[in-house]
Amino acid sequence: MSQKGLNTDSINKLTQPIQELIDNSSFWREQSDGLAIFAADGFFETYTLPVHFQEYSYVSNSFYLKPLMPMFVGDGSFYLLTLNRDNVKLYECRRHSFTEIVIDDLIPETKQDRVGFDYEEKNLQFRSGATGSGQTMYHGQEAATGKRKNEIKKYFRAINDGLAPIFREKTTPLLIAAQSPLFDIYKEVNTYPNLMEENLTIDFSDTDIFEIHELAWERMAPVFDQKRKDDIAQFLDEQGKGKTSIGIGKILPAAIHGKIETLFCENLEDIFGTYKDENNVITVTEGEENNNHISLMNMAAIKTFLKGGTVYLLDKEEMPNPNSRVNALYRY
């Protein structure tokens, strides 16, 4: 820090809260995969994060956020609807979190509310069809193809209609956690075009929402990883057509001006230097890290993110153009 022009008193003031954490045993018991500490004059915050990143310290006039970009990329949002008899709940989920959306006033509280109070709970069971039939058969005290199935379908149709205002104009995927027979019936009444084709089969009696969320993310992860693959493929397709760039000298000004749709940064690497913004002309100079230089890659990542772009941290062999530590796909 002294190389950055800070005197001893300023250094001690900045690092005192960090020193106090060292002996705080309760703090360390509550840690996860990653810990981010941000300290400035009059500001000190710590964030326990479910993302692993390499230990790194950075002293500058701005915070170092590049390693945290995986928290916001590839953790795509999806809806999770749990269909468990009369207990129906909707969650908005991401990779590391979930939030329940209260739908009590949008759907029938119970099947009886929809099909009548003379409705008697019957367990819907499942078995394979006769050999060679290729059909699914339901049975219980009543055939599922008769009154029993119609009651369930009527109830599920009311749920579908009740949730329609939430889903209107959304493109967020919807994953259903339910036993397969119930999911098959729900698909018949569903009108939301972004319903996942397959359900998540859950034993609700032995699984809590935290476990369900983990299982749901395992199912959805390949869906969101496809977006990364598509973005890389688009970069390769657009290369040489004016919509891509490599090199921080071109990419940082584009990021500042909001031109970048997707930024690819080589993980565990960095680019240091200086930049000047005079009369809307940005000059970037690369150089080895010293007391006047900042992380240019960090700035490009932050500017891209704040302007609504996507930022990926990739290993060298995954980079669309591995000849540069930073690649960009432009909006225009």
Side-chain angles (χ1 to χ4, degrees), residues 76-95 98-116 119 121-129 133-140 142-205 207 209 211-227:
S77 177
F78 65 98
Y79 291 119
L80 174 65
L81 181 66
T82 61
L83 294 177
N84 178 25
R85 297 183 182 177
D86 287 334
N87 189 14
V88 178
K89 292 185 180 297
L90 178 67
Y91 300 89
E92 186 171 12
C93 302
R94 291 184 176 272
R95 179 176 184 177
F98 61 88
T99 303
E100 182 178 356
I101 300 175
V102 178
I103 57 175
D104 296 347
D105 58 338
L106 299 177
I107 66 172
E109 184 176 352
T110 65
K111 296 183 187 71
Q112 289 91 329
D113 292 336
R114 176 52 53 183
V115 303
Y119 174 84
E121 178 70 28
K122 305 178 183 68
N123 291 325
L124 180 65
Q125 299 174 328
F126 167 84
R127 64 177 173 84
S128 298
S133 69
Q135 295 180 339
T136 298
M137 298 292 293
Y138 302 91
H139 66 89
E142 288 185 65
T145 53
K147 182 179 178 182
R148 169 61 174 159
K149 182 177 179 180
N150 289 335
E151 289 171 341
I152 296 173
K153 183 183 289 188
K154 190 174 183 181
Y155 176 54
F156 282 176
R157 183 176 290 111
I159 292 173
N160 172 79
D161 295 345
L163 297 180
I166 295 177
F167 296 153
R168 186 173 294 122
E169 298 182 359
K170 295 291 183 64
T171 59
T172 307
L174 170 63
L175 177 65
I176 303 289
Q179 294 298 311
S180 295
L182 295 180
F183 177 64
D184 290 342
I185 298 174
Y186 191 87
K187 282 198 298 184
E188 293 183 28
V189 301
N190 171 68
T191 58
Y192 183 54
N194 301 294
L195 176 70
M196 299 296 293
E197 285 295 323
E198 297 183 359
N199 62 304
L200 181 67
T201 304
I202 292 294
D203 179 2
F204 289 99
S205 65
T207 314
I209 183 56
E211 295 174 286
I212 294 174
H213 173 255
E214 289 182 10
L215 294 171
W217 175 252
E218 289 178 8
R219 175 67 60 81
M220 297 301 298
V223 175
F224 296 112
D225 190 51
Q226 187 61 45
K227 173 70 164 55

To the nearest 0.5 Å, tell me how far [X] [atom1] sits from [Y] [atom2].
X	Y	atom1	atom2	answer
L200	S180	CG	OG	10.0 Å
L90	I103	CG	CD1	5.0 Å
K153	R148	NZ	CZ	13.5 Å
N84	D203	CG	CG	9.0 Å
I176	D184	CD1	CG	12.0 Å
E92	I101	CD	CD1	5.0 Å

Q | Listed partners of F78 passing ring-ring contact (aromatic ring centres under 6.0 Å, His included), at least two apart | A |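 Testing F78 for ring-ring contact (aromatic ring centres under 6.0 Å, His included), a comparison that skips the adjacent residues, returns none.
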Would you say [X] and [Y] make side-chain contact, with heavy atoms under 4.5 Å?
X	Y	result
T201	F183	no
Y91	I209	yes
L174	M196	no

(Q) As a quick check of understanding, evaluate side-chain contact (heavy atoms from CB on, under 4.5 Å) for V88 and L81, giving each step before the final call. (A) CA-CA 7 Å; V88 178; L81 181 66; 3.8 Å; yes
Under 3.5 Å, side chain of [X] to main-chain N/O of [Y], donor-acceptor pair present?
X	Y	answer
N199	A178	yes
R157	Y186	no
H213	R94	yes
N194	K170	yes

Q: Determine, step by step, whether M220 and L80 satisfy the side-chain contact (heavy atoms from CB on, under 4.5 Å) criterion, reporting the C-alpha distance in whole Å, the side-chain angles of both residues, the deciding distance to 0.1 Å, and the verdict.
A: CA-CA 10 Å; M220 297 301 298; L80 174 65; over 6 Å; no
(Q) Tell me if the CD atom of Q226 is crowded by more than 12 foreign heavy atoms within 6.0 Å. (A) yes
Q: Under the side-chain contact (heavy atoms from CB on, under 4.5 Å) rule, collect the residues that match up with E214, sequence neighbours excluded.
A: none
Q: For the residue pair W217 and F224, categorise the inter-ring angle as parallel (less than 30°), tilted (30 to 60°) or perpendicular (more than 60°).
A: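 The arrangement is parallel - the two ring planes meet at less than 30°.
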Q) Nearest heavy-atom pair of V223 and R219: which atoms, and what distance? A) CG2-O, 4.5 Å
Q. Minimum heavy-atom separation for S77 to P173, with atom names?
A.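 Taking S77 first and P173 second, the nearest heavy atoms are O-CD, 3.6 Å.
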**Q.** Qualifying residues under salt bridge (Lys or Arg N to Asp or Glu O under 4.0 Å), relative to K227, sequence neighbours excluded
**A.** D231
Q: Take I166 and Y79 through the test side-chain contact (heavy atoms from CB on, under 4.5 Å) and record every step on the way to the result.
A: CA-CA 10 Å; I166 295 177; Y79 291 119; 4.2 Å; yes
Q: Decide yes or no on side-chain contact (heavy atoms from CB on, under 4.5 Å) for Y192 and L163, but give the supporting numbers first.
A: CA-CA 9 Å; Y192 183 54; L163 297 180; over 6 Å; no
